[in-house]
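Below: one structure, written as structure tokens.
Since the model is a prediction, treat every value here as computed from it, not as a measurement. Each chain gets a letter, A, B and so on, in the order the sequences are listed, and its residues count up from 1.
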2 protein chains.
Amino acid sequence: MKKRTTIVDLAREAGVTPGTISRALSNDPRVKQETREKIVLLAQKLHYQPNLSARLFKKGRTRNVGFYSELPTWVFYNNYFGRLISGVAQAAHEDDVKLVFYFSNIFLPSDGDVVKAKRELTGLDALMDGRIDGAIVLKDEDITEEEAEFFRAKSPVPLVLINNTLETQGFFQLTSGIYDRNLVALEYLFSRGHKKIGAIGLSAGGVYNRCSLEAFDTFYKKNGMVFNLEWFKVPPVGHDVSNSDDLAKSLLDLKKQGVTVVICADDLQGIFAIEILKKMGLRVPQDMSVLSFGQLARESSLQAPTLSMIETDLEAGGRKAYEFFKAALEGEKPVAQSLVWKAPTDHSSVAKV
Amino acid sequence: MKKRTTIVDLAREAGVTPGTISRALSNDPRVKQETREKIVLLAQKLHYQPNLSARLFKKGRTRNVGFYSELPTWVFYNNYFGRLISGVAQAAHEDDVKLVFYFSNIFLPSDGDVVKAKRELTGLDALMDGRIDGAIVLKDEDITEEEAEFFRAKSPVPLVLINNTLETQGFFQLTSGIYDRNLVALEYLFSRGHKKIGAIGLSAGGVYNRCSLEAFDTFYKKNGMVFNLEWFKVPPVGHDVSNSDDLAKSLLDLKKQGVTVVICADDLQGIFAIEILKKMGLRVPQDMSVLSFGQLARESSLQAPTLSMIETDLEAGGRKAYEFFKAALEGEKPVAQSLVWKAPTDHSSVAKV
DNA sequence: CTGTTAGCGCGTTCAT
DNA sequence: ATGAACGCGCTAACAG
């Protein structure tokens with residue numbers, strides 16, 4: 001492998017000092033035209049590339065933005081998170097900032113070393129390693145107040161929290177808006193005449209179910225009705241949220257109770273639900289409508305006539321997260337914002353009751 | 001934002017020199033136990049985090065591996081490339097190396113600056129910016145010999161080429177094996193009795209069609225038969241490879257010619273083909289079998305009874321690419337390898353002819 | 001055992 | 001218009 005040609009090599013070759021090279025290549029007006037031309041030519045000839053690491057190191061910046069994820073690497077082929085990341089990547093690229101990935105170690109075995117074990121515990125520590133100017137943080141669960149306090153006080157790099165449900169003081173945040181999007185869904189379904197609305201949650205104990213239920217409860221109360229807790233189905237602990245057997249059992253029970261529409265946690269769950277309903281001999285959406293959140297994956301678009309989506313622009317969300325990172329770098333006052341969710345404009349996939 | 005506490009701050013506070021701090025924290029045996037403990041305690045108290053940028057800068061390494069892509073950022077939510085990237089990310093993470101993304105600028109407008117324009121032209125130049133120890137390169141088309149020559153001679157960082165079809169001397173390579181996988185497909189289909197095999201290609205002029213056709217030609221000749229060029233359908237230039245109208249026309253034509261199975265370029269194309277065949281009143285796989293390559297996306301798994309896949313472990317491929325990067329760093333001799341493609345073991349989705 | 005010095009590659013002074 | 005010197009944070013070599 002070829003050794004890097006440094007500014008010193010170039011200076012030696014050109015018979016000048018490194019300072020002159022630096023000035024010549026950064027278009028400093030105080031350098032003789034003739035010298036500059038000679039240097040530029042020589043730089044091309046020797047294929048000199050300034051070492052950005054060194055340059056940025058001196059400046060105390062890295063022009064790297066971290067993306068921290070506590071989820072496994074399937075975020076790279078997941079329609080939801082992948083699109084979010086895609087947005088971040090685009091914004092960063094246009095800004096000539098590199099996107100660097102950090103994954104938590106919580107799934108890896110500890111080797112017993114205390115320092116390492118501690119790092120594995122919080123994971124976020126790694127973001128303070130000096131290799132990034134700040135990070136966009138995708139937590140699995142809400143950040144604890146203890147963690148928040150620590151990073152507010154000690155972190156030399158700003159953190160943008162995404163996918164949090166609570167507002168954590170002192171951080172830029174882009175929440176996924178589980179509560180919000182369920183409200184949008186409920187309003188939409190009410191407008192289509194649905195009164196008995198079912199839902200399939202995610203694994204028990206998580207924020208998704210909590211926030212969703214809160215939205216259901218609030219909305220039904222506001223309309224002078226009571227939400228039946230039996231209509232909110234939570235897959236057994238440890239089960240895949242798209243497990244066919246669980247889904248079939250839940251859907252059958254909902255149907256028996258006269259539920260007319262089921263809200264699924266993600267598009268995949270929705271697609272499976274539709275398949276199961278059809279196998280049960282039910283017509284979708286006439287006998288049961290199915291609704292979910294996000295953007296349809298390309299493969300799922302075949303389901304478009306039956307699956308209705310409460311939509312959001314995830315790539316725009318990613319861009320927004322990057323903007324927050326930039327704002328935080330500039331020292332601006334933290335802002336919390338939710339993804340914007342919109343009701344469908346094409347009503348063909350949700351029955352009118 | 002808090003200022004970083006540096007090794008100097010720590011040294012001042014502890015009443016020792018930076019050298020001692022460095023040794024104490026890197027478990028150098030030549031430091032008194034008492035001193036080390038004092039320093040470790042103080043480091044925790046002040047939340048000192050060694051600046052990895054500085055540390056690695058001195059060592060002349062970055063512990064960053066680049067992933068260069070000439071494809072848009074949908075690689076982040078694409079089932080094929082996303083899984084490949086996922087494998088790279090896992091391997092890098094386990095090795096405590098960060099994954100940094102580089103995207104080509106070929107889709108962005110030039111601002112007229114000559115240097116920038118040149119960079120936008122090749123794109124790969126950016127990989128020599130000193131921020132990474134090497135890179136995994138996902139090109140859209142094969143690397144030109146001119147480019148190859150340049151990087152062989154001038155690049156201070158090793159490049160691992162993926163998705164290339166040609167073997168380029170002097171580089172570690174993981175080819176996607178378009179030729180190979182088609183051979184596997186053809187052998188499998190012959191073993192199931194198929195003699196008239198159709199295929200849908202990608203946009204005209206690309207390597208995919210070229211390599212596929214070569215495989216078809218070779219295989220048929222070897223078996224004393226002639227492959228009918230009419231059986232290889234190429235979508236019109238500029239059309240989406242899953243365009244319904246084009247697919248319908250192609251499939252109808254294939255059926256008329258007595259073709260019994262169609263090989264699709266990717267799983268999405270395959271899924272659409274199945275839908276179209278069904279709409280045309282044909283039974284899949286009895287009247288026409290559909291086969292494709294890769295790993296089924298989760299959403300596509302609903303098609304399992306009808307869509308047959310020539311399989312490969314893409315995450316393993318990503319890991320392999322990372323191994324190649326490591327080997328290249330160690331100065332090992334370049335190796336070219338193809339993804340390993342396997343015929344299905346469950347034959348229910350391909351009819352016996 | 002610990003302090004001192006030098007230097008990684010670069011940009012930015014301050015001189016000349 | 002250019003050279004010389006310094007420093008970013010850290011580690012390694014050399015002293016003591």
### Summary
Result for 5'-nearest mapping on DNA chain C, choosing between A:Ala54 and B:Pro29, is B:Pro29

### 5' priority, DNA chain C, between B:Gly15 and B:Phe57 [closest heavy atom]
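The answer here is B:Gly15.
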
With rounding to the nearest 0.5 angstrom, report the [atom1] to [atom2] distance, [X] to [Y].
X        : Y        : atom1 : atom2 : result
B:Met128 : A:Thr5   : CE    : OG1   : 7.5 Å
B:Lys98  : A:Asp129 : NZ    : CG    : 6.5 Å
B:Asn163 : B:Tyr80  : CG    : OH    : 6.5 Å

### Task
Check for a donor-acceptor pair, side chain of A:Arg36 on one end and backbone N or O of A:Asp28 on the other, with a separation under 3.5 Å.
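Yes.
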
### Message
Is it the case that the side chain of A:Arg152 and the backbone of A:Gln169 share a donor-acceptor pair, with hydrogens and angles ignored and the cut-off at 3.5 Å?
### Response
yes

Between [N] atom [atom2] and [X] atom [atom1], what is the distance in whole Å?
X       : N      : atom1 : atom2 : answer
B:Leu56 : C:dC10 : CG    : P     : 17 Å
B:Leu52 : D:dG9  : CG    : C1'   : 11 Å
B:Leu10 : D:dC10 : CG    : P     : 9 Å
B:Lys3  : D:dC8  : NZ    : C1'   : 11 Å
B:Asp9  : D:dG7  : CG    : P     : 16 Å
A:Ile39 : C:dC10 : CD1   : P     : 14 Å
A:Arg4  : C:dG7  : CZ    : P     : 21 Å
B:Leu25 : D:dC10 : CG    : C1'   : 12 Å

### Base-contact (B) and sugar-phosphate-only (S) positions in nucleotides 11-16 of chain D, heavy-atom cut-off under 4.0 Å, - elsewhere
BSB---

For [X] and [N], is the shortest distance between a side-chain N/O and OP1 or OP2 below 4.0 Å?
X       : N     : answer
B:Ser53 : D:dG9 : no
A:Thr6  : C:dC8 : no
A:Thr17 : D:dT2 : no

### Ring geometry between A:Phe101 and A:Phe76 (parallel below 30°, tilted from 30 to 60°, perpendicular above 60°)
perpendicular

### Query
Do the charged groups of B:Glu323 and B:Lys326 touch, with an N to O distance under 4.0 Å?
no

